[in-house]
There are 2 protein chains.
Amino acid sequence: MLKLSRLTDYAAVVMAQIARHSQASHAAAELAEAVQLPHPTVSKTLKMLVRAGLLVSQRGAQGGYRLARPASQITAADIIAAIEGPVAMTECSQAEGDCELVATCGVADNWQRVSLAMRTLLESVTLAHLADTAPIKLPVQLPIQTISLSAASA
Amino acid sequence: MLKLSRLTDYAAVVMAQIARHSQASHAAAELAEAVQLPHPTVSKTLKMLVRAGLLVSQRGAQGGYRLARPASQITAADIIAAIEGPVAMTECSQAEGDCELVATCGVADNWQRVSLAMRTLLESVTLAHLADTAPIKLPVQLPIQTISLSAASA
DNA sequence: TTTATACAGGACTAAAATGGTACTCAATTG
DNA sequence: CAATTGAGTACCATTTTAGTCCTGTATAAA
C-alpha cells in the first residue's frame, strides 16, 4: 500500500497537536490524552522526534516538548524520516546500494527518479499545512518536472 | 522508509523484462533466470500480476506470460497496487475509513491530499518508462498542483 | 535539600506482515 | 497420452512493528 507505519502516523498527529499550541511545553501524558493514544507509545514517538531534531525536550517539573523550529520549517518528509528513516522506494535508492542485482535489474535508475520526485513532494508539505484544519492551500510550484522528469529530457 | 516491499520491486523488474520483449511469451522459469531471482517467488509475483489484470497467462507447452496491454498503458501505480493493494498513505485514506481517532486526529484531510498527489505521480510513470534503460524523459505535465494543492486555494 | 515531575534509554514481548517453499491440480500442445 | 507450464493453496521462517516496562537522570518548586 505504500503506507506510512502507524508510528509515523502518530508522530504526525502529535506534531500537529504541538504545532497548534506552539507557545507552551507539552508533557507526554498530556499529548497522549489529547490525541487518545497510549502514553508509552506516544512517549516513544516523541523521543524519536527529539533524536531527529524536530522537537526539543525539557526535563523536570513544567517540562515537556516543544517544536525545535517553526512549523513552517518542518516538512512531512522530516517527520517520516524521523520515524522510518530516509524516504526511499527501493533498497538500491538508499545510500548503501548493496543490491546484487544491479546487472539484471534494469529499472533502478528510473525508480530513483520516481523516488526523488516523491521525496520532493513530501518536502513541499509542511507541518504548518498538516496542522491546519483547512485544506492545504499552497500556491507552491512543485518542482517535480524539473527534478526527475526532464532530467535528461530529449 | 516509505519503501516498496521486495515483492513489488521484483514485480517491477519482471514486468520490465517482459516489456522489453513483449512479442514473445515468457515462462516463469525463464524470467526467474533472466532476473536472477528464485523461481517460486517470481512465480508467485506473476500470479499476482495476472490477477490484477496486468499480465495474461497461457498454460501448457509454449505457454507463459504476456502483457495484458501495451507497456505505455501500465503504470507504476498499477504494479504497486497489484502487489500491495491500493496506494494510500494512512489507514484512513483507504476505502473503509475505520479509524476511530478521526475526532482527535486533525490531519486526516491533508494526509489524503498528499496521498492523492503521490498516487497521481505514480500513475504518471508507465512501465514503458521503467523498462527503458534511458532516464525517464516524460514531457508530462504533472497535474499535482491542480489536484491537491490548489484544491481550496486562497 | 528534598520531593515531585517528567524525559532518556534500553530490554523485552507479542503480534503481524513478509518472504519464501512445497505440493497438488488443471490446461495446453503435439 | 506425455510433457510442459501455469493455478491454487497451505505452510513455515524470518523480520518488522508495536507496545510495555523498568531504571536512571535532570529540573523546578517548596
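By convention in this document, chain letters (A, B, ...) are assigned in the order of the sequence lines, proteins followed by strands, and residues within each chain are numbered from 1. Because only heavy atoms are used, hydrogens play no part in the values below, and waters and symmetry mates are left out as well, while side chains stay in. Being a predicted model, the structure only gives us computed values, none of them experimental.
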Q) Would you say the side chain of A:M89 lies within less than 4.5 Å of the side chain of B:D9, judging by non-hydrogen atoms? A)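 No, too far: nothing below the 4.5 Å cut-off.
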
Q) Quick one: does B:R59 reach the base of D:dT5 with a side-chain donor-acceptor pair under 3.5 Å? A)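 Absent.
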
(Q) Base of D:dG19, side chain of A:K44 - is there a donor-acceptor contact under 3.5 Å? (A)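 Side chain to base: pair found, below 3.5 Å.
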
Taking only side-chain N and O atoms of [X], does any of them lie within less than 4.0 angstrom of OP1 or OP2 on [N]?
X: A:S5; N: D:dA18; answer: yes
X: B:R6; N: C:dG20; answer: yes
X: B:Q62; N: D:dA3; answer: no
X: A:S57; N: C:dA8; answer: yes

May I have the distance from [X] (atom [atom1]) to [N] (atom [atom2]), rounded to whole angstrom?
X: B:L46; N: D:dA7; atom1: CG; atom2: C1'; value: 12 Å
X: A:K47; N: C:dA11; atom1: NZ; atom2: C1'; value: 12 Å
X: A:M48; N: D:dT17; atom1: CE; atom2: C1'; value: 10 Å
X: A:Y65; N: C:dA6; atom1: OH; atom2: C1'; value: 8 Å

Q) How do A:G60 and A:T41 order along DNA chain D: which one's closest nucleotide is nearer the 5' end? A)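 The answer here is A:T41.
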
Q.
Need one value for B:P38: base, sugar-phosphate or nothing, where a base atom within 4.0 Å counts as base even if backbone is also close, heavy atoms only.
A.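 Result for B:P38 = sugar-phosphate.
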
Q: Report which part of the nucleic acid A:H26 touches: base, sugar-phosphate, or nothing (heavy-atom distance under 4.0 Å, all strands).
A: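 Touches sugar-phosphate only.
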
Q) Is the closest side-chain donor-acceptor distance between B:S25 and B:Q58 under 3.5 Å? A)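 No - no donor-acceptor pair under 3.5 Å links their side chains.
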
Q.
Side chain of A:Q58 only, heavy atoms from C-beta on: which candidate in D:dA7, D:dA28, D:dG6 is closest?
A.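 Per side-chain heavy atoms of A:Q58, the pick is D:dA28.
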
